Structures are given as C-alpha cells and as structure tokens.
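Only one structure is covered here, and it is reproduced in the block below.
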2 protein chains.
Amino acid sequence: MPDVIINKEVFYNPVDFVLKKLGGTWKIPVLWRLRKKTWRYTELQKDIAHISQKMLTQTLKELEADGFVLKKVYAEVPPRTEYSLTEKGTKAVEVITYLRNYGLELMKEEGIDYEAMMQEEAKKKKDK
Amino acid sequence: MPDVIINKEVFYNPVDFVLKKLGGTWKIPVLWRLRKKTWRYTELQKDIAHISQKMLTQTLKELEADGFVLKKVYAEVPPRTEYSLTEKGTKAVEVITYLRNYGLELMKEEGIDYEAMMQEEAKKKKDK
DNA sequence: CTGAATCCTCCCGGATACTG
DNA sequence: CAGTATCCGGGAGGATTCAG
C-alpha cells in the first residue's frame with residue numbers, strides 16, 4: 001500500500017478515493033434526491049432534514065466541482081438555481097443504489113425494516 | 001428522511017448505515033487483506049502502511065463485534081491470534097470490490113493509473 | 001431566494017508509554 | 001506477540017450573522 005497523493009490529498013486505496021468524493025454526511029442524500037429530477041436549492045433544504053444551509057451549499061459546490069452535478073442559475077428576481085445530475089453523477093447514483101441495497105440487507109439482518117419505517121414517516125407527514 | 005436511531009446511533013439512510021459499519025480509514029484495508037487468507041495481527045500491522053497499533057486493534061475489534069471477522073486466539077507462548085472473514089465479511093468484500101472498481105474508473109478519468117503506481121511500488125520494495 | 005463568513009464543538013485517529 | 005491506556009491536534013459539520 002503506497003502513499004498516493006493527488007492534489008495534496010492522501011488516500012490509501014481506490015475505495016478511499018470514492019469515499020473522499022461521495023463520503024461525508026450529505027453528498028449521498030443530495031445525489032439520491034437528484035436521481036429523478038431537477039431540484040431547487042430551497043427544495044433540497046426543505047426536504048433533507050437537519051441539513052444546515054452551510055453544509056448544503058458546501059456539498060453542492062463540491063459535487064459541482066467534481067462533475068457530479070450541474071448548476072443552472074436563472075437571472076431572475078428573486079434568483080432561482082436548479083441542480084441536476086451530470087452523466088458522471090448518474091453513474092454515481094448507480095453505485096449509491098448498489099450500496100443502498102446492501103445497506104437494506106444489513107439492516108434487515110439486524111431486524112430493522114427501513115422501508116416500513118419510511119412509510120410510517122410518510123403517513124405522519126400526511127396527517128399534519 | 002426520518003431520524004433513524006438504533007443503538008444510540010443516528011443515521012439518515014441505508015448507505016449511511018453501511019458506512020458506519022465499513023467506513024473510516026482502516027476497515028477496508030483490513031477486510032481487503034483478509035479476502036484470500038487468514039492473517040495474524042503482526043502481519044497485518046506490517047503490511048498496512050501507516051496504521052497505528054491502536055487503530056488496528058480498534059478496527060479488528062469492531063469488525064469482529066459486527067460479525068465481519070472471526071478472531072481465533074491460540075493459547076501459546078508467545079500468543080498467536082489469527083483473523084479471518086466470516087460469511088458476512090465475505091459478502092462485505094464483494095461490495096468493497098464493486099466500490100473499488102468504481103474507484104479505479106474514477107481515478108482513470110482523472111488520469112491516475114493506480115495499478116501502474118502499485119507496480120512501481122512493488123518494484124521499489126523488491127529492490128531494497 | 002441563494003448564498004458567504006465566522007466562530008465553535010465534537011470526535012476520529014496519531015503519538016507515546018505500559019502490560020500479560 | 002498482541003494488545004491497553006492516555007493525551008492531544010485537526011477537520012467535519014452546527015449555529016449564527018450578513019449580503020446580493
């Protein structure tokens with residue numbers, strides 16, 4: 001295992017490389033939402049519970065810089081910004097989907113039925 | 001996205017769940033080495049560059065507790081301990097392999113030929 | 001509405017010393 | 001040989017305030 005240093009970042013293996021790009025708490029929730037459609041900044045902020053404004057901005061900026069996400073700014077008042085997946089981002093979502101399925105398996109092994117929990121949550125939301 | 005709390009750990013999605021199990025700097029390098037054979041503690045320590053004794057112990061302990069790794073202690077003097085993959089661990093390595101291949105792709109896109117770099121390193125080692 | 005700029009907290013992982 | 005125990009720094013991410 002060598003020391004691989006690129007752009008002043010040290011990483012030890014290809015998986016590490018992926019996790020430096022897609023890891024952290026917020027990249028995945030954002031990419032996951034973008035998988036089907038374009039989202040506005042505020043929509044994302046409302047939909048992703050607990051994300052701070054700082055982390056949403058930072059996450060989107062990094063995803064854009066790494067070529068996973070496309071940012072479109074409309075010169076309107078008030079301003080509108082839309083985010084969508086690039087081709088590279090679409091590929092990343094495939095990987096995330098794979099990882100997600102494995103996650104669901106692992107959770108099931110521990111007796112956690114994630115999808116049932118999600119439905120519960122959705123119902124609560126509706127009741128409000 | 002609900003707040004899912006299990007064993008006092010909060011996580012936001014199934015991918016997060018996986019990364020809580022396999023994430024961090026050292027779980028993957030360890031599991032990767034165990035994929036083909038059993039390793040002793042000291043062998044792992046020698047082979048994984050930069051890993052501290054603390055992190056190796058901690059990593060192995062967590063992997064064992066999560067059921068990915070089997071620990072076998074031989075009551076000899078000096079003591080001998082061997083680590084191997086469980087069935088669950090073998091499944092995890094499949095996921096890691098998938099992730100690793102994606103990592104290699106990403107690196108190639110950025111003009112990084114990881115496998116060539118590895119061969120360079122191997123040659124250097126031999127020369128010494 | 002879509003950010004930028006600061007300050008602060010927590011915890012992962014490193015360094016070092018000790019043990020059965 | 002295979003660990004424990006302790007102390008410590010840095011960076012990810014939260015809270016708050018300001019701006020175009």
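Bear in mind the structure is a predicted one, so any value in this text is a computation, not a measurement. Throughout, a chain's letter reflects where its sequence line sits, starting with A, and its residues are numbered from 1.
- With rounding to whole Å, A/Gln58 atom CD is found 7 Å from D/dG13 atom P.
- Looking only at side-chain heavy atoms (C-beta outward), A/Val93 and A/Phe68 stay at 4.5 Å or farther from each other.
- Mapping A/Pro79 and A/Gly24 onto DNA chain D via the closest heavy atom, the residue that lands nearer the 5' end is A/Gly24.
- Counting any heavy atom pair closer than 4.0 Å across all strands shown, B/Tyr74 reaches no nucleic acid atom.
- Using a 4.0 Å cut-off, some side-chain N or O of B/Tyr83 falls inside it from OP1 or OP2 of D/dG3.
- Rounded to a whole Å, the CG atom of A/Leu56 is 11 Å from the P atom of D/dG14.
- One can place CE of A/Met55 at 16 Å from C1' of C/dC7, the figure rounded to the nearest angstrom.
- Side-chain atoms of A/Gln53 come within donor-acceptor range of the base of C/dA4, with a qualifying N/O pair under 3.5 Å.
- B/Lys61 has its NZ atom 9 Å from the P atom of D/dG3, to the nearest Å.
- When the side-chain nitrogen and oxygen atoms of A/Lys71 are compared with OP1 and OP2 of C/dG3, one or more of them lie within a distance under 4.0 Å.
- Between A/Ser52 and D/dA15 there is no side-chain polar atom (N or O) within less than 4.0 angstrom of OP1 or OP2.
- The existence of a salt bridge linking B/Glu105 and A/Lys88 is excluded, since no basic side-chain nitrogen approaches an acidic carboxylate oxygen closer than 4.0 Å.
- Taking atom NZ on A/Lys27 and atom C1' on D/dA12, their separation rounds to 11 Å, with Å as the unit.
- Heavy atoms only, all atoms of each residue included: A/Lys21 and A/Asp66 are closest at NZ-OD1, 3.5 Å.
- DNA chain C is contacted by both A/Glu43 and A/Lys54; A/Glu43 maps to the nucleotide lying nearer its 5′ end (nearest heavy atom per residue).
- We find that CG of A/Asp16 is positioned 10 Å from P of C/dG13, with the value rounded to whole Å.
- Of the side-chain N and O atoms in B/Trp26, one or more sit less than 4.0 angstrom from OP1 or OP2 of C/dG14.
- Ion pair B/Glu94/B/Arg100 not flagged as a salt bridge, since none of the NZ, NE, NH1 or NH2 atoms sits closer than 4.0 Å to an Asp/Glu carboxylate oxygen.
- As rounded to whole Å, 16 Å separates atom P of D/dG3 from atom CH2 of B/Trp39.
- Nearest to the side chain of A/Thr25, among C/dA4, D/dG13, D/dT4, sits D/dG13.
- Remark: B/Lys71 is not positioned above the aromatic ring of B/Tyr83, lacking an NZ or CZ atom under 6.0 angstrom from the ring centre and at most 45 degrees off the axis.
- Contact annotation: B/Thr81 side-chain N/O to D/dC1 OP1/OP2 distance is not under 4.0 Å.
- Put simply, CG on B/Leu60 is 15 Å from C1' on D/dT4, counting in whole angstrom units.
- Side-chain N/O atoms of A/Arg40 include none lying less than 4.0 angstrom from OP1 or OP2 on C/dC1.
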